[in-house]
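To start, the structure itself, in structure tokens.
Excluded from the calculations below are hydrogen atoms, water molecules and symmetry mates; all remaining heavy atoms, backbone and side chain alike, are included. Proteins get letters first, then strands, A, B, ... in listed order; numbering begins at 1 in each.
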There are 2 protein chains.
Amino acid sequence: MSQTDTVSRILDAAEVLFAERGFTETSLRTITTTAGVNLAAVNYHFGSKKELIQAVFERFLTPFTGALAAELDRRVAAGEPLTVEGLLESLYRVGMGSLAEQGRDPQRFMRLLGLAYTQYQGHLRRFIVSRYGDSYRRFAGLLAQALPGLDPVTFYWRLYFMLGATIFTLSSYDAIEAILREDFGAQSSLPETLERLVPAAAAMLKVDSQ
Amino acid sequence: MSQTDTVSRILDAAEVLFAERGFTETSLRTITTTAGVNLAAVNYHFGSKKELIQAVFERFLTPFTGALAAELDRRVAAGEPLTVEGLLESLYRVGMGSLAEQGRDPQRFMRLLGLAYTQYQGHLRRFIVSRYGDSYRRFAGLLAQALPGLDPVTFYWRLYFMLGATIFTLSSYDAIEAILREDFGAQSSLPETLERLVPAAAAMLKVDSQ
DNA sequence: GGCCATACTAAACAACCGTTTTAAATGTTG
DNA sequence: CAACATTTAAAACGGTTGTTTAGTATGGCC
């Protein structure tokens with residue numbers, strides 16, 4: 001078993017288990033046994049549990065923000081007008097695509113993003129902000145440009161409303177979908193849900209202040 | 001020290017600490033020492049940590065859903081037309097009021113609600129659904145009536161979008177407010193934020209499907 | 001005062017946690 | 001093949017967790 005094998009087996013198991021139960025609720029022993037590696041391997045390869053958590057986020061946020069930057073570059077270079085709906089579509093499409101092509105589950109990362117906000121892990125928030133703050137600010141800036149005349153404070157509150165609706169809904173996607181399927185017999189796919197989310201989120205961002 | 005004293009001191013401490021750090025990250029020893037009671041008191045009065053968590057939720061959800069029911073009754077009895085904005089205002093006003101009058105912090109309960117969704121505590125979700133599911137369904141039903149012609153599946157997805165925006169934003173209210181205050185020097189109160197949230201959430205619910 | 005149920009306390013319990021240590025195995029390079 | 005650095009392995013470390021036990025105090029009632 002080569003090093004990269006052990007490392008990625010740990011990351012794979014940690015990713016799934018963290019998304020399922022959270023960080024504190026997942027022990028290194030659970031991770032290493034489901035990964036089929038020795039307990040001490042985590043501390044050997046990652047140093048500590050904190051650094052393992054950060055590595056899990058790094059592995060999906062780096063390709064994601066990279067793909068988003070490329071997509072935004074492409075649109076800007078092509079001179080396409082950047083509308084609110086267009087930007088949201090880019091965000092969601094890249095989020096789905098950059099993960100799906102690795103055969104990984106988009107909902108899982110939404111759950112992880114939700115945990116990063118909710119859980120009591122100061123180091124994680126600091127890590128994400130310092131590492132990916134620029135990507136966030138660029139997207140937010142373009143979105144603000146697509147909403148001229150909106151005062152900045154209102155814009156940022158609505159940006160958080162939008163993030164909340166997105167992260168919260170998609171991180172519970174499987175549970176919500178199961179409820180709706182049971183109550184209405186109508187099953188909906190993740191792309192369909194995103195097609196519902198784009199106009200709804202756009203309407204929230206664009207509504208005239210009372 | 002009377003029984004109710006010890007019980008409510010434990011609940012007070014647990015409420016604050018749970019909201020701050022989550023359930024697993026808060027030990028019974030931390031709770032009991034900040035409450036100034038003996039460690040064994042939790043198991044004596046509540047049975048287990050799980051039941052303490054449920055008791056914390058019961059103490060604020062029961063008055064909240066009660067006040068919401070009364071408010072909805074009042075509006076229905078008065079023959080007031082129930083608009084989307086009106087229902088959201090009722091929801092938020094009751095949420096603020098029923099807690100503020102007890103001198104408790106509304107954001108704290110939003111954080112707890114957010115945790116109930118995010119954290120890996122199956123018993124909690126089951127407890128809340130079985131205990132307060134009726135209140136939820138009544139509010140959702142009235143909101144659906146205020147949105148005639150909207151197909152049910154789309155309505156429910158948007159309801160979750162709205163819940164996500166609300167819970168997510170308000171549970172991180174203090175952090176978001178601090179960021180905006182630093183970047184724009186404009187400080188906003190919780191009522192002001194809810195005034196921004198009502199039209200934004202209403203617009204999301206009401207937007208014509210593409 | 002004597003009795004009894006309720007409430008509290010101190011101490012110990014077994015189980016689990018993240019991490020470290022020490023040693024064995026493996027792979028790489030001269 | 002020998003020497004070396006890297007990786008894996010088993011075992012133990014000290015510390016913390018939720019819970020239980022056994023004993024003490026407290027307050028009301030006959």
Task: Whole-Å distance separating the CZ atom of B:Arg21 from the P atom of D:dT17 - done: 10 Å
- [ ] May I ask you to evaluate whether B:His45 reaches the phosphate of C:dC8, defined as a side-chain N or O under 4.0 Å from OP1 or OP2?
- [x] yes
- [ ] Please tell me which of the listed nucleotides, D:dT17, C:dG18, D:dT20, lies nearest to the side chain of B:Ala40?
- [x] D:dT20
TODO: First locate atom OG1 of A:Thr193, then atom CD1 of A:Ile176, and finally report the distance between them rounded to the nearest 0.5 Å.
DONE: 8.5 Å
Task: Side-chain donor-acceptor pair present, B:Tyr132, B:Thr62, cut-off under 3.5 Å - done: yes
Open item on the list: Output the rounded distance in Å from NZ (B:Lys50) to C1' (D:dT17).
Closed with: 15 Å
Open item on the list: Looking at C:dC17, I'd like to know if its phosphate oxygens (OP1 or OP2) sit under 4.0 Å from a side-chain N or O belonging to A:Ser27.
Closed with: yes
Task: Comparing B:Ala41 and A:Ser48 on DNA chain C - which has the more 5′ nearest nucleotide - done: B:Ala41
- [ ] Just compare C:dT19, D:dT19, C:dC8 and give me whichever is closest to any side-chain atom of A:Leu39.
- [x] C:dT19
Task: Nearest-Å distance for atom pair CD/C1', residues A:Gln121 and C:dG18 - done: 13 Å
Task: Spacing between B:Tyr44 atom OH and D:dT24 atom C1', to the nearest angstrom - done: 13 Å
Task: Atom-to-atom span, CZ of A:Phe46 to C1' of C:dG18 - whole angstrom - done: 15 Å
Open item on the list: Just to be sure I understand the rule, does B:Thr26 reach a base, reach only the sugar-phosphate, or reach nothing, if contact means heavy atoms closer than 4.0 Å?
Closed with: sugar-phosphate
Task: Between C:dT19 (P) and A:Ile10 (CD1): distance, integer Å - done: 13 Å
- [ ] Measure the spacing between CZ of B:Arg108 and OH of B:Tyr173 and express it to the nearest 0.5 Å.
- [x] 15.5 Å
Task: Sugar-phosphate, base or nothing in reach of B:Thr32, heavy atoms under 4.0 Å - done: nothing
Task: B:Asp105 bridged to B:Arg111 by N-O distance under 4.0 Å - done: no
- [ ] Choose from D:dG18, C:dT9, C:dT19 the nucleotide whose nearest atom is closest to any side-chain atom of A:Arg29.
- [x] C:dT19
Open item on the list: Please determine whether a side-chain nitrogen or oxygen atom of B:Asn38 lies at a distance below 4.0 Å from atom OP1 or OP2 of C:dC8.
Closed with: no
Open item on the list: If I take atom CG in residue A:Asp5 and atom C1' in nucleotide D:dT8, what distance separates them, rounded to the nearest angstrom?
Closed with: 13 Å
- [ ] Starting at atom CG of B:Leu52, determine the distance to atom C1' of D:dT19, rounded to an integer number of angstrom.
- [x] 14 Å
Open item on the list: Nearest to the side chain of B:Lys49, heavy atoms from C-beta on, is which of D:dG18, C:dT19, D:dT20?
Closed with: D:dG18
Task: A:Glu192, CD atom: more than 12 neighbouring heavy atoms under 6.0 Å - done: yes
